[in-house]
Protein chains: 2
Amino acid sequence: MKPPAKAELRRHSIAAELIAVLVAATNGQPRVMTIDSGNALPSGPFELGHRSLQSGLRDWVEQQTRHPLGYIEQLYTFADRDRAGDDAHRVISISYLALAREGQAESADKATWRNWYDYFPWEDHRDGTPPALPEIIVPQLNTWAKAADNTLIRSERQQRTAVAFGLDGHSWNEELVLQRYELLYEAALVEEAHRGRVKNPTPSVFGPAMAADHRRILATGIARLRAKIKYRPVVFELMPPTFTLLQLQRSVEALAGRLVHKPNFRRLVEQQELVEETGAMTADMRGRPAKLFRFRHDVLAERAVAGTKLPVSRA
Amino acid sequence: MKPPAKAELRRHSIAAELIAVLVAATNGQPRVMTIDSGNALPSGPFELGHRSLQSGLRDWVEQQTRHPLGYIEQLYTFADRDRAGDDAHRVISISYLALAREGQAESADKATWRNWYDYFPWEDHRDGTPPALPEIIVPQLNTWAKAADNTLIRSERQQRTAVAFGLDGHSWNEELVLQRYELLYEAALVEEAHRGRVKNPTPSVFGPAMAADHRRILATGIARLRAKIKYRPVVFELMPPTFTLLQLQRSVEALAGRLVHKPNFRRLVEQQELVEETGAMTADMRGRPAKLFRFRHDVLAERAVAGTKLPVSRA
DNA sequence: ATATATATACTCATTTGGAGCATATCTCCT
DNA sequence: AGGAGATATGCTCCAAATGAGTATATATAT
């Protein structure tokens with residue numbers, strides 16, 4: 001079979017949308033760029049004038065947020081009919097993960113940086129397991145699991161819940177952000193599962209919904225970033241030119257949503273030769289002044305795609 | 001900024017194409033499904049009638065190859081204008097990696113399974129480094145690198161070549177399939193770089209071109225699969241229901257393009273409890289009969305997305 | 001019988017990864 | 001002035017994972 005002719009291709013035309021999960025890490029908190037008062041991610045249609053998907057994305061984000069993009073990586077392409085929102089005009093959503101340092105310049109469209117745990121309160125385990133997990137979320141998921149009429153579906157739901165939320169024997173895996181969100185969606189605990197129906201008046205424990213499936217895309221981005229910081233030195237895209245090892249550690253912890261062992265973190269960073277001293281020290285800090293480091297940009301060339309791992313302990 | 005209205009979205013309509021890298025492993029060789037006498041990957045337009053991207057892909061592949069798809073995972077979405085082929089009517093290509101067991105049923109469209117090393121001869125290191133690498137490919141890349149007028153570009157080209165092909169100090173990394181292909185493309189050593197111009201009459205060392213950018217997509221799929229077999233038990237999607245440990249090892253080696261240490265391979269497979277004995281033994285083989293195993297499907301549920309690693313040694 | 005090919009088991013050294021302890025040097029508060 | 005609290009930095013210890021080698025068992029082919 002030959003590729004279809006041009007005329008035939010056009011007949012199947014469909015709109016394509018570009019969506020960005022733009023992440024920063026500021027003062028030890030993970031941040032995500034939103035528009036529309038925190039209700040949506042920056043996005044816009046892919047147009048014939050765009051040179052490439054990436055440049056189209058840059059255009060839209062910089063126009064909507066006046067914030068430049070640094071590192072960019074493709075996340076996923078969605079086209080689910082049932083999740084699109086109200087009616088079914090077909091749109092393909094091509095999502096990207098973008099990393100940057102938080103700047104000022106919030107502009108039109110009510111572009112604002114938000115703490116991403118506003119949208120996923122159950123994902124932040126830096127101060128231990130959030131109380132809402134054992135007290136509210138897990139019980140409600142269990143109720144949902146037991147509500148299945150079929151024994152098979154019931155045990156499958158319980159199995160998935162246990163793996164995703166680290167129950168009976170399983171340990172918490174911070175990378176399963178998307179699986180957890182999908183479970184909450186299936187269990188209709190999250191507001192966007194009721195789209196079109198009753199508006200849930202209690203945002204509290206489950207966080208606020210976002211437009212269309214933007215919260216799912218955000219979950220995808222967080223999951224990808226949490227996985228990636230372990231084997232690629234992407235954190236440095238989020239750091240200022242010069243930083244202390246503790247600041248670096250705090251950024252990693254912010255993204256991972258869990259604490260790491262300080263001595264081991266330092267050991268790994270130094271033995272991997274990811275950073276070099278600037279010679280300067282911090283001042284105006286509370287404790288003992290710390291050495292300032294900068295990222296060794298040449299390692300990007302040297303090891304390039306190869307393995308460069310930062311620790312995020314598993315227990 | 002609100003999401004654009006429906007009418008506005010339609011104005012930016014663009015065609016979307018689904019492309020599959022369908023992989024099997026047969027008799028210790030990696031196989032890829034092609035159509036048009038090995039000239040293209042199975043593909044077809046995404047249509048309004050398709051329930052989802054995945055189901056659209058299944059429809060096209062099964063229609064073109066009469067071969068059912070098993071495991072499916074999204075690879076990447078392309079829209080580069082310059083790589084599209086001849087003229088510039090805009091198409092978005094959404095590519096997938098699919099795994100299956102090689103079946104009979106080759107049908108219309110000249111659908112055939114091919115050894116993927118036909119297209120990437122330099123990627124098979126199971127019998128040691130292919131002679132063409134040091135003798136032809138690397139020298140030609142060095143010539144290309146030196147031909148840059150700018151010193152910076154020159155050293156950047158040499159650096160990239162060294163990392164990708166494991167030269168001076170760097171070791172061969174089997175995952176860098178795409179980087180290697182891209183270098184060969186940039187250096188115009190690969191036929192498709194001459195598209196529209198002179199047809200290179202010597203396919204030999206650099207393998208044959210494919211339609212449009214299908215060879216690049218194949219490289220993307222191989223790279224993804226080589227990375228994935230190390231931390232997810234996907235090889236089993238390619239195995240028959242029952243197999244010996246050596247057959248399993250040969251499949252891993254076929255995909256990775258390098259040999260693994262047999263005792264260590266067995267140790268890992270067994271201690272991870274990925275397989276269980278069937279009780280039966282092989283017959284009709286040359287050496288000592290081997291136990292037959294089957295994959296323990298419950299580990300997919302248990303550990304799900306968690307880490308399950310198969311070894312492909314690094315040295 | 002012997003060569004050859006495969007299966008299977010075991011050992012050893014090194015590296016990696018998680019966790020704890022000890023000490024040093026600041027600021028801030030009383 | 002002195003102590004509390006916070007941060008920085010260095011070192012040790014142990015257990016698990018990993019890479020590599022060796023030895024033995026059981027089949028087929030000639």
Side-chain angles (χ1 to χ4, degrees), chain A residues 27-28 125-127 171-174 229-231 242-253 256 258-293 306-315, chain B residues 27-28 171-174 229-231 242-253 256 258-293 303 306-315:
Chain A
N27 299 325
H125 289 229
R126 286 175 294 175
D127 299 320
S171 58
W172 177 263
N173 182 343
E174 74 278 357
I229 48 172
K230 291 179 187 165
Y231 62 93
T242 222
F243 50 83
T244 71
L245 292 183
L246 186 61
Q247 286 167 345
L248 182 64
Q249 182 182 341
R250 291 285 178 249
S251 292
V252 169
E253 290 172 338
R258 53 164 51 188
L259 301 178
V260 307
H261 186 76
K262 192 192 312 202
N264 292 349
F265 181 81
R266 297 166 143 269
R267 175 174 65 187
L268 216 58
V269 170
E270 289 177 340
Q271 86 185 11
Q272 300 230 138
E273 300 181 305
L274 296 175
V275 298
E276 62 191 3
E277 300 184 13
T278 65
M281 307 279 285
T282 51
D284 289 339
M285 301 297 289
R286 194 116 68 145
R288 166 176 169 180
K291 290 179 189 165
L292 283 169
F293 292 83
T308 317
K309 33 191 171 172
L310 285 179
V312 170
S313 70
R314 43 180 88 157
Chain B
N27 298 325
S171 60
W172 177 263
N173 182 341
E174 74 279 358
I229 48 172
K230 290 180 188 165
Y231 62 94
T242 223
F243 49 83
T244 71
L245 292 183
L246 185 60
Q247 286 168 345
L248 181 65
Q249 182 183 340
R250 292 285 177 249
S251 292
V252 169
E253 290 172 336
R258 54 163 51 187
L259 300 178
V260 307
H261 187 75
K262 189 188 321 197
N264 292 348
F265 180 82
R266 296 166 144 270
R267 176 175 63 189
L268 216 59
V269 170
E270 289 177 342
Q271 87 184 11
Q272 299 231 138
E273 300 181 304
L274 296 175
V275 297
E276 63 191 3
E277 300 183 13
T278 64
M281 307 280 283
T282 51
D284 287 340
M285 302 296 290
R286 192 115 69 145
R288 169 176 167 181
K291 289 180 189 165
L292 283 170
F293 292 83
R303 312 193 213 168
T308 315
K309 32 190 171 171
L310 285 179
V312 170
S313 68
R314 40 181 92 157

Practice item. Starting from P on C/dA19, measure out to CG on A/Leu259 and report it in whole angstrom. Key: 12 Å
Practice item. Starting at atom NZ of A/Lys230, determine the distance to atom C1' of C/dT16, rounded to an integer number of angstrom. Key: 16 Å
Revision key, fill the gap. The nucleotide from C/dA19, D/dG10, C/dT8 with an atom nearest the side chain of A/Pro263 is D/dG10
Check your understanding: Quick one: B/Leu248 CG to C/dA7 C1', roughly how many Å, whole number?
Key -> 15 Å
**Study point:** Rounded distance (Å) that lies between atom P of C/dC10 and atom CD of B/Glu270
**Key:** 11 Å
Point to revise | Partner nucleotide of C/dC26 by Watson-Crick or wobble geometry (both distances under 3.5 Å) | key: D/dG5
Polar atom pairs (N or O), protein with nucleotides 2-6 of chain D, under 3.5 Å:
none

Review point. Under 4.5 Å between any side-chain heavy atoms of B/Phe243 and B/Val275, yes or no?
Key: yes
Practice item. Give one of base, sugar-phosphate or nothing for A/Leu246, where a contact means two heavy atoms less than 4.0 Å apart. Key: sugar-phosphate
Check your understanding: Which heavy atom of A/Glu174 sits nearest a heavy atom of A/Lys230, and at what distance?
Key -> OE2-NZ, 2.6 Å
Check your understanding: Checking only heavy atoms, does the side chain of A/Arg267 share a donor-acceptor pair with the base of C/dG18 at less than 3.5 Å?
Key -> yes
Review point. Once you round to the nearest 0.5 Å, how far does CG of A/Leu245 lie from CZ of A/Phe265?
Key: 7.0 Å
Practice item. Mind calculating the distance between CD (A/Gln272) and C1' (C/dT15) to the nearest angstrom? Key: 13 Å
Check your understanding: Taking the side chain from B/Thr278 and the backbone from B/Leu292, do they hold a donor-acceptor pair closer than 3.5 Å?
Key -> yes
Point to revise | Protein-nucleotide distance (A/Met281, atom CE; C/dA24, atom P), rounded to Å | key: 16 Å
Review point. Considering only D/dT9, C/dT25, D/dG21, which nucleotide approaches the side chain of A/Lys262 most closely?
Key: D/dT9
**Study point:** Atom-pair distance (CG on A/Asn264; C1' on C/dT16), nearest Å
**Key:** 11 Å
Revision key, fill the gap. Side-chain contact check for A/Arg266: nearest option of D/dA8, D/dA27, C/dT8 is D/dA8
Point to revise | Working for side-chain contact (heavy atoms from CB on, under 4.5 Å), residues B/Gln249 and B/Lys262 | key: CA-CA 8 Å; B/Gln249 182 183 340; B/Lys262 189 188 321 197; 3.3 Å; yes
Review point. B/Gln249 has an atom CD; how far is it from atom P of C/dA5, in whole Å?
Key: 16 Å
Point to revise | A/Lys291 bridged to A/Glu277 by N-O distance under 4.0 Å | key: yes
Check your understanding: What nucleotide, of C/dG17, D/dA8, C/dT8, holds the atom closest to the side chain of B/Lys291?
Key -> C/dT8
Review point. Is there a donor and acceptor pair closer than 3.5 Å between the side chain of A/His261 and the base of C/dG20?
Key: yes
Exercise for review: Using a 4.5 Å cut-off on heavy atoms from C-beta on, say whether the side chain of B/Arg267 contacts that of B/Asn264.
Suggested key: yes
